[in-house]
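Below, all heavy atoms of this structure are taken into account, side chains as well, without hydrogens, waters or symmetry copies. Being a predicted model, the structure only gives us computed values, none of them experimental.
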Amino acid sequence: MSVTPVKVLKAAFCQVAVVDDLRVNVENAISAIRNAVKTKSGVKLVVLPETFNCPYGTEHFRKFSEPVPSGYTCQKLSKVCKELDIFLIAGSIIEIDEQGKLYNTVTIWNPKGELIGKHRKIHLFDISVTRNGGCIFKESSVLTPGDKPTIVTIEGRKFGIGICHDIRFDELAKLYALEGCQAIIYPSGFDVCQGEMYWKLLQQARAIDNSCFVGMICAARDSSASYVDYGHSMLVNPWGDVLVEAGEGEETVFVDFDFSIIDDYKRELPILSQRRTDLYGVNYKKF
Ligand SMILES: O=C(O)CCC(=O)C(=O)O
């Protein structure tokens, strides 16, 4: 049954803190979700950060891994979506498959508590940057990359899903735009150094180039952690305007996706249809 697309979708981005205890993290995320729905009436979509139930570090990933959707975290998330009648882009968890392979995986849930999508991070975070304080990370030492893009329909609107480092790859965002997505959501965990340089800039670039909303949702900053998350969960519209930005600490921010702005942007600046596809193109496998 097709749903009439909503004009405006009310959303909450929960910038939760993450500690070294899976069950505490899940309880914390669930109470943030409950508070968000209680605080602002009409919230229909909630988003959580990357690895919201596990400290971000390759040494933690196997210990915190769970099967999807039968694991503890997924079962709790499914239940809360049903209870609160919401969609949830559930940040990410570390998924373990039957072969014991690990993935960084976003699960997406509908108000019936059904899993409507699962995105395994496609571009693993392997960098060794030396400038501005530096950042070295090698997710591929323990994780397996996902092999397909993920689009879900929420209240009649198509959302593309990525995870953190996925935002650096414009082809993925372009593919989502060409497939009709009006928003791309990246649960994320930039460190402070990369965050200061690129967090806002990358979202503005992806949003402007692809005529859509772009959001990144981060965990709260904990300066005593070995990997320090940037915070600043954000949503940008296609004009590049920052519609909402959290601070550094634990916080939930609320934002309306008013989809009329996408139509205005595409009418006034029709770059997607002005592309010279006789000269170049984005090739991708059908998924
Ligand atoms: O691309 C970056 O600089 C940060 C990416 C990241 O932190 C991640 O993928 O978890």
Side-chain angles (χ1 to χ4, degrees), residues 1-3 5-6 9-14 16 22-23 25-34 36-37 43-54 61 64-122 143-164 166 172 175-176 179-189 215 217 257 286-287:
M1 195 184 65
S2 73
V3 176
V6 284
L9 177 69
K10 289 185 185 302
F13 296 169
C14 297
V16 290
L22 185 140
R23 290 190 181 223
N25 292 331
V26 172
E27 285 317 314
N28 188 38
I30 285 175
S31 60
I33 295 169
R34 282 213 179 92
V37 172
V43 165
K44 201 67 195 171
L45 170 67
V46 178
V47 190
L48 297 174
E50 183 180 22
T51 63
F52 72 92
N53 70 357
C54 164
F61 289 167
F64 281 75
S65 66
E66 295 177 284
V68 171
S70 60
Y72 172 82
T73 303
C74 283
Q75 292 305 305
K76 288 280 192 183
L77 297 175
S78 162
K79 227 165 127 190
V80 79
C81 289
K82 212 165 153 183
E83 173 198 322
L84 300 175
D85 191 32
I86 53 160
F87 288 88
L88 177 66
I89 299 177
S92 72
I93 65 171
I94 303 301
E95 175 192 2
I96 185 161
D97 73 5
E98 298 82 32
Q99 284 80 46
K101 286 197 211 149
L102 303 181
Y103 305 86
N104 190 340
T105 300
V106 177
T107 57
I108 306 108
W109 304 87
N110 72 11
K112 290 184 187 149
E114 295 162 343
L115 185 67
I116 56 166
K118 173 170 113 164
H119 180 79
R120 290 172 166 169
K121 191 176 193 174
I122 296 177
L143 298 184
T144 300
D147 60 5
K148 58 174 178 10
T150 305
I151 295 176
V152 289
T153 303
I154 295 178
E155 299 284 72
R157 302 284 177 177
K158 281 187 180 183
F159 280 65
I161 308 293
I163 305 179
C164 205
D166 281 338
L172 179 63
L175 171 173
Y176 285 146
E179 290 285 334
C181 292
Q182 295 187 321
I184 309 176
I185 298 295
Y186 300 88
S188 293
I217 295 76
F257 289 77
K286 260 310 194 200
F287 53 97

Residues in ring-ring contact (aromatic ring centres under 6.0 Å, His included) contact with Phe159, at least two apart in sequence or another chain: Phe257

Side chain to side chain, Ile185 and Pro187, heavy atoms closer than 4.5 Å: yes

Distance in Å, Asp97 CG paired with Arg120 CZ, rounded so as to fall on 0.5 Å steps: 6.0 Å

Close side-chain approach of Glu114 to Lys82, heavy-atom, < 4.5 Å: no

Close side-chain approach of Leu84 to Val43, heavy-atom, < 4.5 Å: no

Steps toward side-chain contact (heavy atoms from CB on, under 4.5 Å) verdict (Ile116, Trp109): CA-CA 5 Å; Ile116 56 166; Trp109 304 87; 5.9 Å; no

Side-chain heavy-atom pair Val3, Thr153 within 4.5 angstrom cut-off: no

Set of residues satisfying side chain to side chain donor-acceptor pair (under 3.5 Å) with respect to Lys286, sequence neighbours excluded: Glu179

Nearest-0.5 Å distance, OG1 of residue Thr73 to CD1 of residue Ile94: 11.0 Å

salt_bridge(Lys118, Glu95) N-O dist < 4.0 Å: yes

The single option from Glu66, Arg23, Glu27 passing side-chain contact (heavy atoms from CB on, under 4.5 Å) against Asn53: Glu66

Val46 vs Cys81, side-chain contact (heavy atoms from CB on, under 4.5 Å): CA-CA, chis, key distance, verdict: CA-CA 9 Å; Val46 178; Cys81 289; over 6 Å; no

Residues in ring-ring contact (aromatic ring centres under 6.0 Å, His included) contact with Phe64, at least two apart in sequence or another chain: none

Pair Lys44 + Glu155, salt bridge at N-O below 4.0 Å: no

With sequence neighbours excluded, residues passing side chain to side chain donor-acceptor pair (under 3.5 Å) with Tyr176: none

Pair Leu102-Thr144, side-chain contact (heavy atoms from CB on, under 4.5 Å): steps then yes or no: CA-CA 6 Å; Leu102 303 181; Thr144 300; 6.0 Å; no

Heavy-atom side-chain proximity of His119 to Lys148 below 4.5 angstrom: no

Sequence-distant partners of Lys76, side chain to side chain donor-acceptor pair (under 3.5 Å), two or more places apart: none

Nearest-0.5 Å distance, OH of residue Tyr103 to CD1 of residue Ile96: 10.0 Å

Main-chain N/O of Asn25 paired with Asn28 side-chain donor or acceptor, under 3.5 Å: no

Residues forming a side chain to side chain donor-acceptor pair (under 3.5 Å) with Ser92, sequence neighbours excluded: Asn104

Spatial distance of atom CD1 (Ile122) from atom CD1 (Ile161) [nearest 0.5 Å]: 11.0 Å

Ile163 side, atom CD1; Ser188 side, atom OG - distance, nearest 0.5 Å: 8.5 Å

Single hit among Leu48, Thr107, Ile217, Val47 for side-chain contact (heavy atoms from CB on, under 4.5 Å) with Ile89: Val47

Nearest-0.5 Å distance that lies between atom CD1 in Ile30 and atom CG in Leu77: 5.5 Å

Full working for side-chain contact (heavy atoms from CB on, under 4.5 Å) between Arg34 and Val80: CA-CA 8 Å; Arg34 282 213 179 92; Val80 79; 4.3 Å; yes

